[in-house]
Student: 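Let me begin by handing over the structure; questions about it come next.
Reminder, nothing fancy here: chain letters follow the sequence lines and each chain counts from 1.
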2 protein chains.
Amino acid sequence: MEVKSIFEGISEADIEKMLKCFEARKLTFKKDRTIVTNIINVKLIGIMLSGTANMERYDYNGNRSIIEKLSPNSVFGEVFSRLGSDISVIATSDCEVLFIEYEHIIKKCKKGCLYHNILTNNMLKLLSQKIVELNERVEILSKRSIRDKLLSYFELLASSNPKRSFLLPFTYTDLADYLSVDRSAMMREIKNLKEDGFIQTNGKKITIIRY
Amino acid sequence: MEVKSIFEGISEADIEKMLKCFEARKLTFKKDRTIVTNIINVKLIGIMLSGTANMERYDYNGNRSIIEKLSPNSVFGEVFSRLGSDISVIATSDCEVLFIEYEHIIKKCKKGCLYHNILTNNMLKLLSQKIVELNERVEILSKRSIRDKLLSYFELLASSNPKRSFLLPFTYTDLADYLSVDRSAMMREIKNLKEDGFIQTNGKKITIIRY
DNA sequence: AAAACAGTGTTGCAATTGCAACAAAAATTA
DNA sequence: TAATTTTTGTTGCAATTGCAACACTGTTTT
């Protein structure tokens with residue numbers, strides 16, 4: 001399933017008109033700035049147009065978890081989270097985000113907006129894509145050891161490359177937060193994986209030898 | 001956000017017509033039967049109409065993980081999973097499941113099916129709901145200790161009840177598989193939680209004392 | 001009703017993991 | 001380019017977790 005843009009099949013001119021109709025707002029954020037925190041009270045959906053961001057949460061021990069990596073066409077928002085889950089989205093590069101009120105997408109367009117249905121369909125695809133990603137995340141997190149978490153995440157990253165190698169999309173520190181494990185324990189396990197001949201690493205370039 | 005039926009806002013008679021147009025199939029399953037395994041090659045979406053089921057996976061060590069508990073209006077399907085993830089859906093009670101080809105929902109209805117747009121909108125709500133549930137699951141699984149996993153899951157179950165008590169929706173054995181932890185270690189931790197005055201239990205009835 | 005099975009509750013022990021602390025390397029900022 | 005901050009890599013030790021084994025209870029099946 002390829003990832004589609006929310007505007008797939010709608011012309012530039014029509015997009016502009018629709019954005020007005022939806023009262024959509026396009027905002028830009030510099031690297032490291034906070035895009036949203038849990039203080040939002042309107043049910044907004046955010047759609048990454050360009051750039052990358054991390055969805056993060058800190059628990060009461062101060063441990064950070066990276067809930068999700070966001071890239072172009074990723075959707076996020078309070079609509080998708082239960083209240084009280086203290087989550088924020090932090091730009092990891094300069095980025096553009098489109099905010100639309102969820103109700104505008106869900107409800108039948110009163111102004112008879114021409115391409116409303118196309119947009120709804122595109123939205124359906126984006127949400128499906130998000131579900132795929134969340135399922136992957138659940139699959140990785142439900143592995144019972146650090147070793148298995150690493151292997152299944154690495155396998156996922158390598159799966160699109162016949163050479164079985166890939167560039168880690170973030171730092172090892174962030175990887176630990178993404179897998180929800182202690183960083184030093186993870187580093188130790190990566191060393192073990194290398195010694196046991198499962199992987200080879202060169203900085204952030206990782207190659208799977210066997211699985 | 002309340003959970004909507006996929007047929008919300010469509011009359012009984014129209015539903016019948018649409019099901020034909022979509023080539024949808026309604027199947028019934030007895031308790032403990034397998035609803036789907038990964039052998040499916042068509043991109044079908046399953047929608048639970050009645051009954052309950054578990055989405056499960058066994059890893060190479062024979063450990064079972066309960067990926068997800070399915071109840072009426074839950075959606076599931078290969079479209080939402082990456083290939084090769086060896087997942088099956090097992091009925092935990094007698095149930096009815098509606099299967100629709102994903103493409104039929106996504107694509108513009110050629111026959112100009114009257115309520116297609118309503119159904120697409122309903123689908124959007126179901127997928128949003130699913131994303132909420134998956135995010136909850138990620139939140140729980142990303143807790144670093146069995147104690148925190150238990151507490152955050154219990155908190156979720158108790159959140160709708162002012163008395164802060166709830167009935168565990170499955171056996172303790174299944175709970176361990178759902179949290180992806182060893183059962184005996186989990187039982188030990190539940191005992192600790194009781195001794196430390198966090199919870200009280202009486203069979204499957206659990207009350208949160210403090211959090 | 002007896003037998004078989006599934007779920008609960010418990011424990012000792014070994015393996016894994018988290019924590020704390022540190023040095024060195026790399027990247028960023030001044 | 002010097003100074004500062006972040007990231008990587010490592011280790012000992014303590015705490016948590018998984019494993020294996022067992023008894024006991026409740027629930028199905030024959």
Student: Have a look at A:K149 and say if it touches a base, only the backbone sugar-phosphate, or nothing, with a 4.0 Å heavy-atom cut-off.
Tutor: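 Nothing, no heavy atom under 4.0 Å.
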Student: Once the angle between the rings of B:F154 and B:F166 is folded into 0 to 90°, is it parallel (under 30°), tilted (30 to 60°) or perpendicular (over 60°)?
Tutor: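 Answer is tilted, since the angle falls between 30° and 60°.
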Student: Determine whether the side chains of A:Y178 and A:S65 contain a donor N or O and an acceptor N or O closer than 3.5 Å.
Tutor: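 The answer is no; no qualifying pair exists.
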Student: Which is true for A:K31 with a 4.0 Å heavy-atom rule: it touches a base, it touches only sugar-phosphate, or it touches nothing?
Tutor: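 Counting heavy atoms under 4.0 Å across all strands, no contact is made by A:K31.
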Student: Evaluate salt bridge (Lys or Arg N to Asp or Glu O under 4.0 Å) for A:R164 paired with A:E155, printing each intermediate quantity in order.
Tutor: CA-CA 8 Å; A:R164 318 235 72 213; A:E155 185 58 31; 2.7 Å; yes
Student: Heavy atoms only: give me the nearest B:K130-B:V75 pair and the separation to one decimal.
Tutor: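 Closest approach of B:K130 to B:V75: NZ-O, 2.6 Å.
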Student: Round to a whole Å and report the spacing from CG of A:L168 to P of C:dA26.
Tutor: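 So the CG-P distance, A:L168 to C:dA26, works out to 17 Å.
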Student: Can you pull out the residues from residues 183-192 of chain B that lie within a 4.0 Å heavy-atom distance of DNA chain C?
Tutor: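 Nucleic-acid contacts, sorted: B:R183, B:S184, B:M187, B:R188, B:K191.
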Student: Between C:dT16 atom P and A:L179 atom CG, what is the distance in whole Å?
Tutor: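 Taking CG of A:L179 and P of C:dT16, I get 18 Å after rounding.
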Student: Measure from CG on B:D182 to C1' on C:dA15 and round the result to the nearest Å.
Tutor: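 One finds 12 Å between C1' of C:dA15 and CG of B:D182, rounded.
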Student: Could you check whether B:D94 pairs with B:R33 (Lys NZ or Arg NE/NH1/NH2 to Asp/Glu carboxylate O, under 4.0 Å)?
Tutor: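 B:R33 and B:D94: not salt-bridged.
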Student: Could you tell me how far apart B:L193 (CG) and D:dT16 (C1') are, to the nearest whole angstrom?
Tutor: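 These atoms are roughly 14 Å apart.
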Student: For B:R64 and D:dG18, give me the distance from atom CZ to atom C1', rounded to whole Å.
Tutor: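 About 17 Å, once rounded to whole Å.
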Student: C:dA6, OP1 or OP2 - any side-chain N/O from B:T173 closer than 4.0 Å?
Tutor: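 For C:dA6, OP1/OP2 do not have a side-chain N/O of B:T173 under 4.0 Å.
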Student: Which whole-number value in Å describes the distance from A:K143 NZ to C:dT16 C1'?
Tutor: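 Atom-to-atom, A:K143 to C:dT16, this comes out as 18 Å.
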Student: C:dA6 P sits how many Å from B:D177 CG, rounded?
Tutor: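 Roughly 14 Å, once rounded to whole Å.
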Student: Answer yes or no: is there an ion pair linking A:D177 with A:R57, defined by an N-O contact shorter than 4.0 Å?
Tutor: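 Judged by the 4.0 Å cut-off on N to carboxylate O distance, A:D177 and A:R57 do not form a salt bridge.
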Student: Closer than 4.0 angstrom, basic N to acidic O: yes or no for B:R64 and B:D174?
Tutor: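 Salt bridge flag = yes for B:D174 with B:R64.
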Student: Report the distance from atom CD1 of B:I146 to atom P of D:dC19, rounded to the nearest whole Å.
Tutor: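 Going from B:I146 (CD1) to D:dC19 (P), I get 11 Å.
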